[in-house]
Amino acid sequence: MDSRSSSDGLNSTPDSSSSPTSSPSSAVQRALQLIQSDNQDSKLQGAQEIRRLTKTSHRCRRQLSASVGPLVAMLRVPDSTESHESALLALLNLAVKDETNKIKIVEAGALEPIISFLESQSSNLQEYAAASLLTLSASAVNKPIIGSSGAIPLLVETLRHGSPQAKVDSVMALSNLSTHPSNLTIILEAKPVPSIVTLLKPCKKSSKTAEKCCALIESLVGFDEGRTALTSEEGGVLAVIEVLENGSLQSREHAVGALLTMCQSDRCRYREAILKDGVIPGLLELTVQGTPKSQTKAHTLLHLLRDSPYPRSELQADTLENIVCNIISQIDGDDQSGKAKKMLAEMVQVSMEQSLRHLQQRALVCTPTDLPISTCTSEVSLK
């Protein structure tokens, strides 16, 4: 099967050698004639040609848009696995990085047969159906339509029991669909969290799969059912923390966002569950190395994880060091405490070195005409 990409589900390299309005080539014209034929063998050959032509060419996707109707009709041919597979793969390639084709495929009635293939005994058909829904769900126009079509419960079921590739594509499709608010309650009702955690635990934490799992979890923990499901699942919170520590920048942003949402919703209920799985070292690192959003969220979460989220006195500065020391004092003796103390000491040392370098640089450019002599002498003396 064609390789996956981060956005649509397939890897494609747009063909920039010709514009989408160029005259169709003889190969494109032949493929259209075959797919529009009344002969089933010719249709099958046409679908295979369309799949080949549209694999890497955006121009061919535009020129072969007229094939969508006949290909969708092939999905409805009774007891013809070969026709179903060939048509699905052709439609999949037509939809990649082409918003118009994505919408056209759904409007042509493709969802009903595609959804039915999620329950197919053929692992190939099941995989192609999950990949198709992943690709089609990348369209904002399609998200509510797919959500109301009955696809979500079957995607969750595929996430539980499908092949490894079907599980990955299903969680990515669910993540796409979760960005439309009306779909979130449908996803929650299907109880996907245990299966998401099961997929997340063994996968590489810097992978696209981990990113989509955490994005979906971040959306679901905005609801009490989602938070309860995550904390009830053994290793659920820990799996999110592992992504916070070792994920991609985007994955870590989703992970810290999920934990922050939980703590903000009910600090007393979730604070201990987050602390006991060793979140502090990862949060400390994120305050320095995360995206701007991650850094802000990590700081906010550290505030909430201390014994009181507010400064204990006006005399004590509410600095990151004081906040972390306050947290560490409550978990003294744990392995994470020692690691957090070491990281904190290193961060303080780095901060001091950066400040010293900044002062030295200012001193190097300092001249008697720039600043008063006393100030210049004071800065130079730090060299």
Donor-acceptor contacts under 3.5 Å from residues 187-197 side chains, at least two apart:
none

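- Both Leu284 and Leu275 are members of a single hydrophobic cluster when ILVMFWY side chains are connected at heavy-atom separations under 4.5 Å.
- There is a path of hydrophobic side-chain contacts, each under 4.5 Å, that joins Phe223 to Leu259.
- The minimum heavy-atom distance linking Ala31 with Leu64 is given by the pair CB-CD2, 4.2 Å.
- Legend: residues meeting ring-ring contact (aromatic ring centres under 6.0 Å, His included) with His84, ordered by chain and number and at least two apart, are Phe117.
- Residues Lys102 and Glu99 are not paired through a salt bridge, judged by the lack of any N-O separation under 4.0 Å between the basic side chain and the carboxylate.
- Under the 4.5 Å side-chain heavy-atom criterion for Ile, Leu, Val, Met, Phe, Trp and Tyr, Ile145 and Leu136 are members of the same hydrophobic cluster.
- With sequence neighbours excluded, no residue forms a salt bridge (charged side-chain N to carboxylate O under 4.0 Å, His left out) with Glu85.
- Taking 4.5 Å as the limit, every side-chain heavy atom of Ile50 sits out of range of all side-chain heavy atoms of Leu34.
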Exercise. For the pair Lys212 and Asp169, evaluate salt bridge (charged side-chain N to carboxylate O under 4.0 Å, His left out) and give the outcome as yes or no after the intermediate values.
Key: CA-CA 10 Å; Lys212 293 297 184 179; Asp169 286 346; over 6 Å; no

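- Rounded to the nearest 0.5 angstrom, Met262 CE and Asp224 CG are separated by 10.0 Å.
- The heavy-atom pair separating Ser80 from Ser83 by the smallest distance is OG-OG, 2.8 Å.
- Considering CG of Leu118 and CG of Leu154, their distance stands at 5.5 Å, rounded to 0.5 Å.
- A side-chain N or O of Lys104 and one of Ser65 form a donor-acceptor pair less than 3.5 Å apart.
- Every residue was checked against the salt bridge (charged side-chain N to carboxylate O under 4.0 Å, His left out) condition with Glu233, not counting sequence neighbours, and none meets it.
- The shortest distance between side-chain heavy atoms of Ser132 and Leu91 does not fall below 4.5 Å.
- Taking CG of Leu260 as the start and NE2 of His303 as the end, the distance is 11.5 Å to the nearest 0.5 Å.
- Closest heavy-atom contact between Ala210 and Lys205: CB-O, 3.5 Å.
- A side-chain donor-acceptor contact under 3.5 Å links Asn101 to the backbone of Arg61.
- What you find for Gln63 and Leu32 is that their closest heavy atoms are O-CD1, 4.0 Å.
- Leu238 meets the side chain to side chain contact (heavy atoms under 4.5 Å, CB included) test with Glu242, Asp277; sequence neighbours excluded.
- Shortest non-hydrogen contact noted between Ser163 and Glu127 is OG-OE2, 2.8 Å.
- In this structure, Glu112 pairs ionically with Arg76, as a charged nitrogen and a carboxylate oxygen lie closer than 4.0 Å.
- Side chains of Val288 and Gln295 form no contact here, defined as non-hydrogen atoms less than 4.5 Å apart.
- Atom CG of Leu200 and atom OG1 of Thr209 lie 9.5 Å apart (nearest 0.5 Å).
- Asn183 is listed as a side-chain neighbour of His180, based on a closest heavy-atom distance under 4.5 Å.
- Residues meeting the salt bridge (charged side-chain N to carboxylate O under 4.0 Å, His left out) test with Glu234, sequence neighbours left out: none.
- A search for side chain to side chain contact (heavy atoms under 4.5 Å, CB included) contacts involving Ser149 returns Leu111, Ile115, Ile146, Ala151, not counting sequence neighbours.
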Exercise. Test side chain to side chain contact (heavy atoms under 4.5 Å, CB included) on Glu82 and Met74 and set out the steps.
Key: CA-CA 10 Å; Glu82 188 177 16; Met74 286 180 68; over 6 Å; no

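- Among residues two or more places apart in sequence or in another chain, the salt bridge (charged side-chain N to carboxylate O under 4.0 Å, His left out) test is passed with Glu211 by Lys208.
- Each of Ile105, Leu89, Leu94 was scored for a side-chain contact (heavy atoms from CB on, under 4.5 Å) with Leu71, with one residue passing: Leu94.
- Closest approach of Leu304 and Cys263 over heavy atoms only: CB-SG, 3.8 Å.
- One distance of note links OG of Ser42 with CZ of Arg30; it measures 9.0 Å at 0.5 Å rounding.
- Residue pairs satisfying the ring-ring contact (aromatic ring centres under 6.0 Å, His included) criterion with at least one member in residues 268-297, sequence neighbours excluded, are absent.
- Listed by chain and residue number, Cys214, Val240, Val243, Leu244 satisfy the side chain to side chain contact (heavy atoms under 4.5 Å, CB included) test with Ala255 (two or more places apart in sequence, or in another chain).
- By the side-chain hydrogen bond (donor to acceptor under 3.5 Å, both in side chains) test, Ser265 is found to be paired with Arg227, residues two or more places apart in sequence or in another chain being considered.
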Quiz prompt | Criterion salt bridge (charged side-chain N to carboxylate O under 4.0 Å, His left out) on Arg52 and Glu49, from CA distance to verdict | solution = CA-CA 5 Å; Arg52 181 183 63 81; Glu49 282 296 298; 2.8 Å; yes

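- Rounded to the nearest 0.5 angstrom, Arg252 CZ and Lys297 NZ are separated by 13.5 Å.
- Listed by chain and residue number, Ser25, Leu53 satisfy the side chain to side chain contact (heavy atoms under 4.5 Å, CB included) test with Ala27 (two or more places apart in sequence, or in another chain).
- Heavy atoms of other residues, nucleotides or ligands lying less than 6.0 angstrom from CD of Gln36 number more than 12.
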Practice problem: Please assess Ser294 against Thr291 for the test side-chain hydrogen bond (donor to acceptor under 3.5 Å, both in side chains), listing each intermediate value before the final yes or no. | Solution: CA-CA 5 Å; Ser294 296; Thr291 64; 2.9 Å; yes

